[in-house]
Structure formats: C-alpha cells, structure tokens
Amino acid sequence: SEKTYQHLLVSTPKPGVGLVQINRPKALNALSTPLIAELNTCLRALQSETSISAIVLTGSEKAFAAGADIKEMKDLTFSSAYGRDFIESWSDLITFLKKPLITAVNGYALGGGCELAMMGDIVYCSKTAVFGQPEIKLGTIPGAGGSQRLTKAIGKSRAMEAILTGDNIKAQQAGEWGLVARVFETPQECVDGAIKTAEKIAGYSQITVKAAKEVVNKSLELGLRDGVEYERRVFHGLFGSKDQKIGMGAFTEKKKAEWSNE
Ligand code: HXC
C-alpha cells in the first residue's frame, strides 16, 4: 500500500485508518477513467491490507469531485459507452468494499462527484459543500447511481427536483435532509471528524464491523421481514466468533476488550 498514485494521496493518519485524497486540482478532481482506475486499485489494496479497518475518502477544500470528466465524455458514442460498460467499474468500488468507507465532502460534489460521495457508508460534509446532479444541463442524466441513491437518501420529491432542475443542494440542506450524517464548520474539521469516526470504528473487532455493515446494507435490498431474518442469522453466526466471547467476557470482568479479529 506504499504505492504512489498520479491522482491520489494515500496515508494512514491513525492506526487502522486509511485516508485517500483525490488530487487532481487542475480539473477540480473531475473523475477521469484513469483516476477511477487508480481509485479502484487503491481501495482494493486497502481492502486487502489487514492492518486497515476503515477508510476515509475526501477531495480538496475546493472540490470533492466536480463530476465525471466532461471533456473525456463529450465524444463518447452509444456503442463505445455500452460496449465497454462505461461507468460500471464505479459501482465495483462500493460493491466489493467490505470495510467501512466514510466520504468527507468539501466544496463541489457534482454529478459523478455527488454519486461517489453517496457511495460512502457514512457521508460527512462541511459548510462549504455543494451537492448536485447537474447532468440535465449537459443533456444527460446521472449514470453512477445518482437517481437511485439520491432518491433513497432524501426522498422522491426532493430528488426529482434536484435531478430535473440541476439545482445544487447546499450543505445545510444536505444535513437537514439526511443526505449527510453531519455538517462540520470547516473542511479541516470535516476531514478530522471523518478520521475520528474511522478511528473509533477501527477500535472494534473487524469481524463485527463487517457484519454490522453487511446487515445495514441488506436493509436497502430486502423487505422488512427478510431483512430482519437476515440480521438474526448473522447475529446468530457471531456467537461463533471469538470476538463475541472476548467482548461479552470483557464486559463481565469489567476489563477492556482486546479484539482478536476472529
Ligand atoms: C472536466 C472539469 C469538470 C468536469 C471542472 N473542470 N469540472 N473538467 N470535467 N466535470 C475543469 C474546468 O474545465 C476547468 O479547467 C477547471 O476544472 C476549473 O473549473 P472552472 O469551471 O474554471 O472553476 P469554477 O469557475 O470555480 O467553477 C466550478 C464548477 C464548474 C461550478 C464546479 O467547474 C462546473 O460547473 N463544472 C462541471 C460540473 C458538472 O457539470 N458536473 C457533472 C458532470 S457530468 P480549464 O482547463 O478550463 O481551466 C457527470 C455525469 C456522471 O458527472 C455520470 C456517471 C458518472
């Protein structure tokens, strides 16, 4: 994971926490194909790095990401987009990641940038954040899950308004609507807050965290009855883990739990 990237800065600000900063300042972090390829490579590396428990993804103070790269997309044809499943690799980002991902949004999170932000398990922003799906202004529509995730996050009427007008959603509104879990005063506080939350998560058993993320995500796919049953199965399964014994044993003995991640 010591690999260097052209468009990303990767560090470990706290034990167990991987910090990925999108760094393509000249284009306000526009998400070009090479950038997305790097992001996939980087997240895959963090995913398989056993010392990493949680990941924070952020951009710059000016832009989380101003969207997919319009200059790259403008001459795309139907057959080349369809033929090479343009954008599909983006959803791999979220579907293969089993470790928690916190997105920390400052400045512009537009189009694909908003879609990427919403792929976070937890989304934080600062007061500088500007969310939006402006694709309609370019003669297109969201293509990396925006119409689905925004609607699930803030409801149909608000999502329709945003997607059909292309109007931005400001930070405070994003907070009130539950698009983000928290709105911080400044960009630095936002990134620090995300790292702090990641550090807290990294202090728990990796196996329990994995199960917790899995069951919450199931709620988006299953009906209530199946979802509750799924949760109960995983809950039962955790009685087979060492860390359930360690956690409940430590409580009983009034000690701090020392997790085995097993
Ligand atoms: C390529 C981009 C870009 C983008 C900004 N830039 N956004 N290049 N793709 N999405 C480039 C500009 O061309 C410019 O480069 C440089 O970044 C700085 O941008 P400015 O426009 O000069 O900055 P500013 O005046 O501060 O305006 C910021 C902005 C504006 C409001 C965010 O850049 C903007 O509207 N960007 C496009 C936002 C957008 O429409 N996003 C959705 C894209 S479609 P040069 O070389 O000219 O100086 C999309 C589809 C997703 O995301 C579908 C599936 C993923």
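Both ligands and their constituent atoms are indexed starting at 1 by order of listing. The residues of the chain are indexed from 1 along the displayed sequence.
- Remark: ligand 1 atoms within the under-4.0 Å shell around heavy atoms of Pro134 are 39 (C), 40 (O), 41 (N), 42 (C).
- Counting only non-hydrogen atoms, the option in Lys137, Lys74, Glu135 that gets closest to atom 51 (C) of ligand 1 is Glu135.
- Each of the following atoms of ligand 1 lies closer than 4.0 Å to a heavy atom of Gly143: 53 (C), 54 (C).
- With Leu116, Asn168, Ile70 as candidates, the residue nearest to atom 9 (N) of ligand 1 on a non-hydrogen basis is Ile70.
- The N/O atoms of Leu110, backbone and side chain alike, include none that comes under 3.5 Å of an N/O atom in ligand 1.
- No hydrogens or angles considered: nothing links the side chains of Tyr5 and Thr41 as a donor-acceptor pair under 3.5 Å.
- The protein heavy-atom contact nearest to atom 44 (S) of ligand 1 is Leu138 CD1, 3.5 Å.
- Ligand 1 has an N or O atom lying under 3.5 Å from an N or O atom of Gly112, backbone or side chain.
- Counting heavy atoms under 4.0 Å from ligand 1, residue Ala30 touches it through the side chain alone.
- Within the set Gly67, Ala68, Ala27, the minimum heavy-atom distance to atom 4 (C) of ligand 1 is found for Ala68.
- Within the listing of ligand 1, atoms 54 (C), 55 (C) sit less than 4.0 angstrom from a heavy atom of Ala144.
- Ranked by closest heavy atom to atom 46 (O) of ligand 1, the top entry among Glu72, Arg24, Lys26, Lys71 is Lys71.
- For ligand 1, the atoms sitting less than 4.0 Å from at least one non-hydrogen atom of Trp90 are 55 (C), numbered in the order shown with element in parentheses.
- Ligand 1 places these atoms under 4.0 Å from at least one heavy atom of Glu115: 51 (C), 53 (C), 54 (C), 55 (C).
- By the 3.5 Å distance cut-off applied to N or O atoms, Lys62 is counted among the residues near ligand 1.
- For the ligand labelled ligand 1, residue Gln133 lies outside the 4.0 Å heavy-atom shell.
- Numbered from 1 in the order shown, with element, the atoms of ligand 1 that lie under 4.0 Å from a heavy atom of Gly111 read 42 (C), 52 (O).
- Under the 30°/60° scheme for interplanar angles, the aromatic rings of Phe235 and Phe239 are found to stand perpendicular.
- The nearest protein atom to atom 33 (O) of ligand 1, hydrogens excluded, is given as Leu28 CD1, 3.7 Å; this is a heavy-atom distance.
- Ligand 1 has a nitrogen or oxygen under 3.5 angstrom from a nitrogen or oxygen of Ala66.
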